[in-house]
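Here the structure comes first, spelled out in structure tokens, and everything after it is commentary.
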Amino acid sequence: MRIGISCYPTFGGSGVVATELAMALAASGDEVHVISYALPFRLDLVEARLTFHEVVVPHYPLFDYPPYSLALATKMVEVARHNQLDLVHVHYAVPNAVSAVLARDILEPQPLKVVTTLHGTDITLIGNDPNYLETTRYGIERSDAVTAVSEALKAATIDKIGVTNDITVVPNFIEPERFERARLEHDARSWAHGDEKLMVHISNFRPVKRVLDVVEVFHRVRRELPVRLLLVGDGPDRAKVERHCRECDTCDDITFVGNVPMVEQVLAGADIFLLPSETESFGLSALEAMSCEVPVIATEVGGVPEVVDHGETGFLFPVGDVDAMAAATVELLRDEPRRLEMGRLGRQRAIERFSEDRVVEMYRAVYAEVLAR
Ligand code: GMT
């Protein structure tokens, strides 16, 4: 197959999933063209069947806001026309789905199928903002196939966007060996001072991630036992979090690691992973933690219960219940056999339900179905 894949190149789960999918498809024989405004941070272009096409967005003094969606559609047309693409698979509906639908219309009579994968905030936050709702719905309804990363996101799409077409749930995935290698190769315990336990959080530090709750959980745990918090990632709320730990005089026990492309290099040494989000359609970082045998303490929101089994591979609590999250963390950190068993089960479930081979085949089945029409 000749496949175009479009995504955001920035740190974030949708870009990670799109990139890993592109590399897996190319490795198994498909021709894959990645289309974005910058090289996605994990995209490794060593495979001959994998190429990258940069969307250039020209500036003009008239534009306060250069029209990225038009430049993207134009690039999709060019790539599809000159490489005879069978389909374009867009990750994150806003604005990628509408751009792909426009590209398909421009290309007629050359056929181009559009597959749209919904990731989360493209539905739950930005996509249903009244300023985007109509075009989000149009892009989804005019796609030839639509997938969502969890049952919860599928339900939210029907509820919040009001779409009527079929949505296939295709979950996010991990390559199990990558996480096993990290556990063997990296001295991720080197962040710990002495016998400190390591609590880890990974996100893009957006308000929806509630990183201040991470710090509040940490403050409570720190009163009970020696522990260090590793904050991986960066984003709008980082300054607020740094100010909060300065005010509480706990910054010495918190390491702001920053953006790390291969998160398993940090997760390999973690004792507990925290994800107290307001909403989370899937929680790829929780799955990555499980793949490193790290139990997850998270909120019971969106698709998280489809990834983390409460009481078995982690614990789930209501949003904002930092006392309960801290109590569960302390309990687990004091019971090493139980923590290890939860971690082991987490990796086992991650491999059984979310391994790359299995999920890439699910995407292939979606492609085959649209191409057969
Ligand atoms: O959190 C975001 O806004 C970023 C977004 C993305 O594009 O990476 O994350 C969403 O997609 C991930 C990959 O499918 C999911 O694992 C995240 O749960 C989801 N984020 C939210 O729903 C908040």
Side-chain angles (χ1 to χ4, degrees), residues 5-22 36-38 40-43 89-97 115-129 132 136 146-157 159-161 167-174 201-211 213-214 232-238 259 261 263 267 273-291 296 298-308 314 316 319 350 353-354 356 359-360 362-363:
I5 290 192
S6 191
C7 65
Y8 283 95
T10 44
F11 285 82
S14 60
V16 169
V17 171
T19 302
E20 300 286 347
L21 176 63
S36 190
Y37 60 83
F41 69 98
R42 273 199 202 168
L43 189 64
H89 182 178
V90 301
H91 291 260
Y92 207 87
V94 182
N96 304 336
V115 177
T116 295
T117 289
L118 310 172
H119 278 275
T121 49
D122 48 353
I123 298 302
T124 56
L125 291 178
I126 193 71
N128 73 63
D129 182 296
Y132 289 118
T136 306
V146 179
T147 77
V149 297
S150 63
E151 292 290 347
L153 183 60
K154 174 178 174 175
T157 307
D159 178 40
K160 290 179 188 286
I161 311 290
I167 300 174
T168 306
V169 173
V170 180
N172 290 331
F173 60 90
I174 42 95
H201 168 75
I202 302 172
S203 77
N204 49 20
F205 282 58
R206 299 195 184 278
V208 69
K209 301 292 177 180
R210 296 181 68 101
V211 187
D213 280 6
V214 174
V232 179
D234 215 324
D237 275 358
R238 175 163 169 178
N259 277 325
V263 289
L267 287 170
F273 182 73
L274 289 173
L275 191 66
S277 309
E278 181 90 36
T279 152
E280 200 69 66
S281 68
F282 184 91
L284 181 62
S285 56
L287 177 62
E288 291 175 320
M290 287 163 58
S291 308
V296 175
T299 38
E300 191 177 13
V301 292
V304 178
E306 296 170 47
V307 181
V308 179
L316 304 179
V319 175
R353 298 178 191 167
F354 305 110
E356 181 178 283
V359 176
V360 170
M362 293 170 84
Y363 277 121

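Each residue takes its place number in the sequence, starting with 1. Numbering of ligands and ligand atoms starts at 1, following listing order.
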query: To the nearest 0.1 Å, how far is atom 9 (O) of ligand 1 from its closest protein heavy atom, and which atom is that?
result: Gly13 N, 4.5 Å

- line: heavy-atom search around atom 14 (O) of ligand 1 in the protein gives His119 ND1, 2.6 Å

query: Where is the nearest protein heavy atom to atom 23 (C) of ligand 1: which residue, which atom, and how far?
result: Thr279 O, 3.4 Å

- prompt: With a 4.5 Å heavy-atom cut-off, do Thr117 and Tyr363 have their side chains touching?
  reply: yes

message: So that I know where these two stand, are Phe354 and Phe282 an aromatic pair - ring centroids less than 6.0 Å apart?
response: yes

- line: Numbered in order shown, the ligand 1 atoms found under 4.0 Å of a heavy atom of Tyr92 are 7 (O)

query: How does Asn172 reach ligand 1, if at all, at less than 4.0 Å between non-hydrogen atoms: by side chain, backbone, both, or neither?
result: side chain

message: Could you check whether any side-chain heavy atom of Asp237 comes within less than 4.5 Å of a side-chain heavy atom of Arg206, counting everything from C-beta outward?
response: no

message: Could you tell me if the side chain of Ser281 sits less than 4.5 Å from the side chain of Ile123, heavy atoms only?
response: no

- prompt: Under 3.5 Å, is there a donor-acceptor pair linking the side chains of Thr299 and Ser277?
  reply: no

message: Return the closest protein heavy atom for atom 18 (O) of ligand 1 as residue, atom name and distance.
response: Glu280 OE2, 2.6 Å

message: Side chain or backbone, does Leu284 bring an N or O within less than 3.5 Å of an N or O on ligand 1?
response: yes

query: Run the side-chain contact (heavy atoms from CB on, under 4.5 Å) check on Ile126 and Tyr92 step by step: do they pass?
result: CA-CA 11 Å; Ile126 193 71; Tyr92 207 87; 3.5 Å; yes

message: To the closest 0.5 Å, what do you measure between OH (Tyr132) and CD1 (Ile161)?
response: 13.0 Å

task: Output the distance between atom CG (Asp213) and atom CG (Leu275), rounded to the nearest 0.5 Å.
output: 11.0 Å

- prompt: Do any N/O atoms on Gly283 end up under 3.5 angstrom from N/O atoms on ligand 1?
  reply: yes

- prompt: Which residue supplies the protein heavy atom nearest to atom 22 (O) of ligand 1, what is that atom called, and how far is it?
  reply: Ser281 N, 2.8 Å

message: With a heavy-atom distance limit of 4.0 Å, tell me whether Tyr8 approaches ligand 1 through its side chain, its backbone, both, or neither.
response: neither

query: Out of curiosity, Asn96 CG to His89 NE2, how far, rounded to the nearest 0.5 Å?
result: 10.5 Å

query: Is there at least one pair of N or O atoms, one from Gly120 and one from ligand 1, spaced under 3.5 Å apart?
result: no

message: Once you restrict to heavy atoms under 4.0 Å, what part of Asn204 touches ligand 1? Side chain, backbone, both or neither.
response: side chain

task: Give yes or no for whether the N/O distance cutoff of 3.5 Å, strictly under, is met between Ser14 and ligand 1.
output: yes

- prompt: Starting from atom 5 (C) of ligand 1, which protein heavy atom do you reach first, and at what distance in Å?
  reply: Thr121 OG1, 4.2 Å

- prompt: Does some non-hydrogen atom of Thr124 fall short of 4.0 Å from ligand 1?
  reply: no

message: Quick check on Lys209 - does any of its heavy atoms sit under 4.0 Å from an atom of ligand 1?
response: yes

- request: Please work out whether the ring planes of Tyr37 and Tyr8 are parallel, tilted or perpendicular, with thresholds of 30° and 60°.
  value: perpendicular

